[in-house]
Asks: 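The structure follows.
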Amino acid sequence: MTNLNERPIFILGAHKSGSSLVRSLLDGHPELFVVPFETHFFQRSHYWVDYRLRRARPPRLSNRQAREELTGQVERYNSISDAMSDSNLVNRFDMPRFRQTFSLDDQLPADRLFLNYINAIHGSLLGQELPADLRIVEKSVENAEFVLDLQQMFPGAKFIHVLRNPYANLVSLRRHVGRTGYPFLGPSLASLNNSHYNLYRNHRLVDEYMILRYEDIVSEPERSMRQVADFLGIEFIDSLLEPTSMNRSWSGNSSRGIEFTGISSRNLNLWREEINSLEIDLINRLFDFLLEQYGYETIASRRSRFLPNSGEGLRIYLLNRLIPFYM
């Protein structure tokens, strides 16, 4: 019997791009095991991660050290609730079973370490070993940087890169990281740049690589998810239109704290009311080619980008105006 665990599906995309929504739409499909949180496998193993909001530096950890890091992550999900997280899994894991299952040979290659980790997650959540006839679905924001590694680990893997209008993505990121005031935008822009650069590279080099626009998912969900099902080679069923997590209704992880059921397009264009001239100018400078290539309208600044934004202190103001000179 073919082990379908060896043909995983990886969902990619920057923070606040809509990748969690795509994961939740795949969650209820009977041919898939959807990992209900971001494993951050490469970050937790201390590979060199450039993605700014998930940066890690080498040297890589040994398997034993990586196992401790990855186990600690599951323990945190099992004990801490975060209203802004896309995964709230408090008290859902059988931690003794997880630790027993995730005991492995320190010499295992990366693909075996990853599969053992996913098997331990499955067992601790569902009480049984991961069946060989299920394909794994995993989403982590920094995965776009490691597509070539993942392809080498799993030659049968498929990749879905979720792309969101860069203007809207930046506004949502700014809201996400700036909960106590207008933030320094450098890390958010650097992360968008990393994700978009790797989209550009991966799409050229990898055959099984699908680019899915967030706007298409929420405005034409059935058409979009039929395309996803066709790309993955799975049957299209109605559950692909219902966002869930562990087969429970998923209420989203909106940066505005708004819960929803089903696929919601009501926030699709709110960014237009919230974006400021600094953000418009930065996107136009850094991602003009991306706007054109993927059919997004280029918008003009409404006022001078040198005017301060609400909550933007002097230091942050100066740092934000210097971004074009070092990006």
Asks: Do E68 and T71 pair up side chain to side chain, a donor and an acceptor below 3.5 Å, judged on atom types alone?
Replies: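 Side chains of E68 and T71: no pair found under 3.5 Å.
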Asks: Classify the angle between the aromatic ring planes of F154 and F10 as parallel (below 30°), tilted (30 to 60°) or perpendicular (above 60°).
Replies: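 Aromatic pair F154/F10 classed tilted.
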Asks: Are a donor atom and an acceptor atom from the side chains of N198 and N194 found within less than 3.5 Å of each other?
Replies: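 Yes - a donor-acceptor pair under 3.5 Å links their side chains.
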Asks: Is it the case that H40 and E142 place a side-chain donor and acceptor less than 3.5 Å from each other?
Replies: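 Their side chains do contain a donor-acceptor pair, which is all the 3.5 Å distance test asks for.
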Asks: Taking side-chain hydrogen bond (donor to acceptor under 3.5 Å, both in side chains) as the criterion, tell me which of Q73, R67, R112 meets it with Y117.
Replies: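 Only one of Q73, R67, R112 forms a side-chain hydrogen bond (donor to acceptor under 3.5 Å, both in side chains) with Y117, namely Q73.
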Asks: Show the numbers, then the answer: is there a side chain to side chain donor-acceptor pair (under 3.5 Å) between Y197 and N202?
Replies: CA-CA 9 Å; Y197 166 77; N202 296 336; over 6 Å; no
Asks: State whether the side chain of S224 and the backbone N or O of E220 hold a donor-acceptor pair below 3.5 Å, judged by distance alone.
Replies: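 Yes, S224 side chain to E220 backbone: donor-acceptor pair under 3.5 Å.
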Asks: Report yes or no: is the cationic atom of R213 (NZ for Lys, CZ for Arg) closer than 6.0 Å to the six-membered ring centre of Y296, at no more than 45° off its axis?
Replies: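 Here R213 passes the 6.0 Å and 45° test against Y296.
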Asks: When you check the gap from the basic side-chain N to the acidic O, do E279 and R174 get nearer than 4.0 Å?
Replies: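 Judged by the 4.0 Å cut-off on N to carboxylate O distance, E279 and R174 do form a salt bridge.
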Asks: Backbone N or O of E312 within a donor-acceptor pair of the N309 side chain at under 3.5 Å?
Replies: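 Answer holds: no.
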Asks: Under a plain distance cut-off of 3.5 Å, with no hydrogens placed, do Y294 and H196 share a side-chain donor-acceptor pair?
Replies: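 Side chains of H196 and Y294: no pair found under 3.5 Å.
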Asks: Please lay out, stage by stage, how E138 and N143 fare under the test side chain to side chain donor-acceptor pair (under 3.5 Å).
Replies: CA-CA 9 Å; E138 197 277 333; N143 276 351; 2.8 Å; yes
Asks: Minimum heavy-atom separation for A110 to F41, with atom names?
Replies: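 So the two residues come closest at O-CZ, 3.7 Å.
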